[in-house]
Amino acid sequence: MTSVSHTPHADAGMAAGASQAGSRSWIVKANAVLGHVVAVPAALLVLAEIAVLSAGIVARYVFRSPIVWSDELAGILFLWLAMFGSVIAFQRGEHMRMTAIVGILSAEVRTFLDVVAAAASLAFLALVVWPAYEFAADEAFVTTPALEIVNTWRAAALPIGIGLMLIAAVLRLIRIASVRSLLASVAVVAGIIGTFILLAPVLKPLGNLNLLIFFVFVVGAMVFAAVPIAFAFGLATVGYLALTTSTPDVVMIGRMDEGMSHLILLAVPLFVFLGLLIEMTGMARAMVGFLASLLGHVRGGLHYVLVGAMYLVSGISGSKAADMAAVAPVLFPEMRQRGAKPGDLVALLAATGAQTETIPPSLVLITIGSVTGVSISALFTGGLLPGVVLAVMLAAVVWWRYRGEDLSHVKRATGRQIGGAFVIAIPAVALPFVIRTAVVEGVATATEVSTIGILYSACAGLFIYRQFDWRRIYPMLVETASLSGAILLIIGAATGMAWALTQSGFSASLAKFMTSLPGGVPVFLAVTIVTFVILGSVLEGIPAIVLFGPLLFPIARQVGVHDVHYAMVVVLAMGIGLFAPPFGVGYYAACAISRINPDEGMKPIVGYMVALLIGTLIVAAVPWLSIGFL
C-alpha cells in the first residue's frame, strides 16, 4: 500500500467448505448481515471525513474563519473509520499477510493453515477485547478540548471494532473449516498459548532474550504461516507484555490507539479513494493515451509510457494497487499485440511500483512523517527526483531489451493526434500539480489536500470526461474503508510492538551498534539498504516503517544523514523488497491485476530489480537528489 501496497487473498478453504456453507446457510446470512451493518457506516464515514476536511479548507482559506473543532471531529470519525474498515477487511480476507511460503504447500496444508490463521486472529481479538473496553471506559475522565465531549465517544471505536471482528472471526472459522480442522486448529493455537503461559516463570528471567523469542521467532513463525501481519504483531506483543513484564494489557490498547490516531494518517483513506476515483473517471486513461501518442512509435515506446504513466498516476493516488489497476488495463492489450511477453509486462509493472514509492502523495511517505516527525511537505518535495533516477535506470533496461523491436506495423501519431490527446489529458495531467501547489502554498495541509484532489477529479469526471458511474461510488467507499482499515490496524499493532522494543532498551542497543559501525555514513546507508530490502519483502512497507522508523531515524541524525535523504533511501530499498519475488507481496499484486501467472515474470524481473538497486545506490550516494530542492 501502502501503503500502502496489499494483495487480497482468497480463502484456500472456501472450495472445501462450500458444501458446509450450503448446509449452514444461517452462517452465510449472519455474515452478510454483519457486512451490511459495518459497510454502510464505514462508507458514510469516508464521505463525512471528506466533508469535514473540505469545510475546514473553505472556512480557513476562503472565509478566513477557521473551524476550531474540524480536526477534532475528523480525528474522532477517523478512529471509527479505521476500526470499521478493519472489520470489513477481516470479513473479506484482505488483511495483509505473507503467503509466499504457504503458497508452495499442498492444498490440504494450505487449507489447514488458513484455519489456523483465523484461529490465531481470534485468539488475539479475544485477549484484547476486555482491555479495549477498559481503555474506553477510562477515557470517560478525559474531555476533548474543542467539542467538549468525553473522549469515550472516540475511544469506544476500539472495543466495538474489536468486538465486531471477534464475531466475524467466529463466523469465518465456522464458514471455512470442517469440524475436524476447526477443532485441530483451535487445539494448536490454544496449545501454543498454553505452553507459553506455563513457561512464564522461565521466560521472565531471560530479559531481552525474550525479544528474540517473541519478536523474531514467534512473529516470524506466524508471518510465514500466513497469519495476517497485524494480528501476528499484536499477538506477539500481548504475549511478551503479559508473560515477561508487569505491564497491564490496557497499555497495548493505548499504544494501538496512539498509532492509529495520528491525524496525518487520515490522508491514507482519502488518497486511496482518490486513486479509485481517477480510474473511474477516465483521468488515468487520458494521461496514458497522451503518453502513448508521444512514444508509441519508438522501440520499447509503450514500456517507456508504462514507466512514465506510473510516475504521473502515483502523483495522484498514493496507492500502488490503485496505480497499477489504473494503468495496466489501458496499456497491456496494445503491448501484447506488439509482441511483448506477459512475463516482461508484469515484471516491468512490478518494478515501476517500486520505482514510484517516493512519488508524492505516497502513503509510505505519509506514514514516515507520522511516526518520525519529519515534515510531510519536505518528504513530498524530496521524493520527486529519486523517482526520476529509478525511472531512468528502468528505461535503460527497456532500451537494451527492445532495441531490436519490429515496429514496421506501427503508425506514428500525427501532430494533430498528439495535440488532441494532450488537450484531452490536460485536466488529468494538471492534477498532480494542483495537489502539490495546494500544499506548498498553504491552501491545505498534507492531510486535507486529498479532498481537493477528490473534488477536482469528481468535477473532471462529471463535466469534462463525462465518465462518472454513480453506482460504483458505494463499492469504492467500502473498498477505501477496507484497505485503510487493513493498513491502519497494522500501524496500530506495530506501534505497540515498537513501544515494547523501546521500553526494553532495544532501541538504545540498536543505536549503539549502528553508530559504532566502521566506515561512517556509507556503511550505515549500505546496512540500511540491505535491512529494508529484507524487511520490505517480509513485513511489507508500512509495518516495517512503523516498527523501525522511530528507532533508526534518530540514529541516522546522529551519524549525520539528513532525515529526508534517509527517508528516500529507506523507501526505495523497502520498495525493492516489496515488489521483488519470491516474497514481495507487491509482485503478486501486480500479477493479480495483470492476470498473469507469477512464474512468467520471475526471470524478466531480475534485470529490472538490478536497475532499481543501482538507482537506489545512486540516490544514497548523492544526497542532493533528495534534499537539493528543500
Side-chain angles (χ1 to χ4, degrees), residues 95-102 105 109 112-128 131 162 169 184-249 251-253 255-256 259 489-507 509-510 531 534-540 542-544 546-548 551 583 585:
H95 276 287
M96 300 179 192
R97 55 184 188 150
M98 208 276 280
T99 57
I101 301 299
V102 172
L105 303 176
V109 175
F112 178 69
L113 287 178
D114 258 0
V115 182
V116 170
S121 303
L122 175 64
F124 169 69
L125 295 167
L127 288 170
V128 297
I162 290 171
S185 63
V186 171
V188 167
V189 173
I192 293 172
I193 293 174
T195 301
F196 272 97
I197 292 173
L198 292 175
L199 289 174
V202 178
L203 294 172
K204 280 189 177 181
L206 297 179
N208 280 351
L209 188 59
N210 286 310
L211 299 177
L212 191 66
I213 294 172
F214 283 91
F215 298 137
V216 176
F217 294 124
V218 173
V219 169
M222 285 192 285
V223 167
F224 283 114
V227 175
I229 292 173
F231 299 95
F233 283 6
L235 193 55
T237 305
V238 168
Y240 170 78
L241 294 176
L243 301 177
T244 69
T245 73
S246 57
T247 305
D249 291 341
V251 171
M252 173 65 180
I253 302 299
R255 300 287 72 77
M256 287 181 64
L489 190 66
I490 283 182
I491 291 177
T495 301
M497 187 189 295
W499 180 86
L501 288 169
T502 302
Q503 293 302 306
S504 70
F506 171 77
S507 57
S509 302
L510 180 64
T531 300
I534 296 171
L535 290 175
S537 66
V538 176
L539 295 181
E540 299 197 51
I542 288 175
V546 177
L547 196 56
F548 290 95
L551 304 180
F583 298 118
V585 295

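- Here the straight-line distance linking atom CG of Asn208 with atom CD1 of Ile213 works out to 11.0 Å at 0.5 Å rounding.
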- [ ] Given side-chain contact (heavy atoms from CB on, under 4.5 Å), test Leu489 with Phe231 step by step and report yes or no.
- [x] CA-CA 9 Å; Leu489 190 66; Phe231 299 95; 3.8 Å; yes
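- Note that the CG atom of Leu243 and the NZ atom of Lys204 stand 8.5 Å from one another [nearest 0.5 Å].
- Between Ala117 and Ala226, the shortest heavy-atom contact is CB-O, 3.7 Å.
- Rounding to the nearest 0.5 Å gives a distance of 7.0 Å between CD1 of Ile162 and CG of Leu125.
- In terms of heavy-atom proximity, Ala232 sits nearest to Val223 at CB-CG2, 4.2 Å.
- Ring to ring, Phe196 and Phe214 are close: their centroids are under 6.0 angstrom apart.
- With contacts defined as side-chain heavy-atom distances shorter than 4.5 Å, the pair Phe215/Thr237 qualifies.
- Atom CZ of residue Phe233 and atom CE of residue Met252 lie 10.5 Å apart, to the nearest 0.5 angstrom.
- In this structure, Val128 and Ile253 have side chains that are in contact, with non-hydrogen atoms separated by less than 4.5 Å.
- When atom types are taken as modelled, the side chain of Asn210 and the backbone of Leu203 share a donor-acceptor pair closer than 3.5 angstrom.
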- [ ] Walk me through it: do Val251 and Trp499 pass the test side-chain contact (heavy atoms from CB on, under 4.5 Å)?
- [x] CA-CA 10 Å; Val251 171; Trp499 180 86; 3.5 Å; yes
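- Between Leu105 and Val109 the shortest heavy-atom distance is CD1-CG1, 3.7 Å.
- When all heavy atoms of Ala242 and Asp249 are compared, the pair lying nearest together is CB-OD1, 4.0 Å.
- Atom CG of residue Leu209 and atom OG1 of residue Thr244 lie 11.0 Å apart, to the nearest 0.5 angstrom.
- In terms of heavy-atom proximity, Pro228 sits nearest to His95 at CB-CB, 3.8 Å.
- Closest of all the heavy-atom pairs between Pro205 and Val202 is CD-O, 3.2 Å.
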Open item on the list: Pair Leu127, Leu235 - check side-chain contact (heavy atoms from CB on, under 4.5 Å), show working.
Closed with: CA-CA 8 Å; Leu127 288 170; Leu235 193 55; 3.8 Å; yes
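- Residues Val188 and Phe112 are in side-chain contact: their nearest non-hydrogen atoms beyond the backbone lie under 4.5 Å apart.
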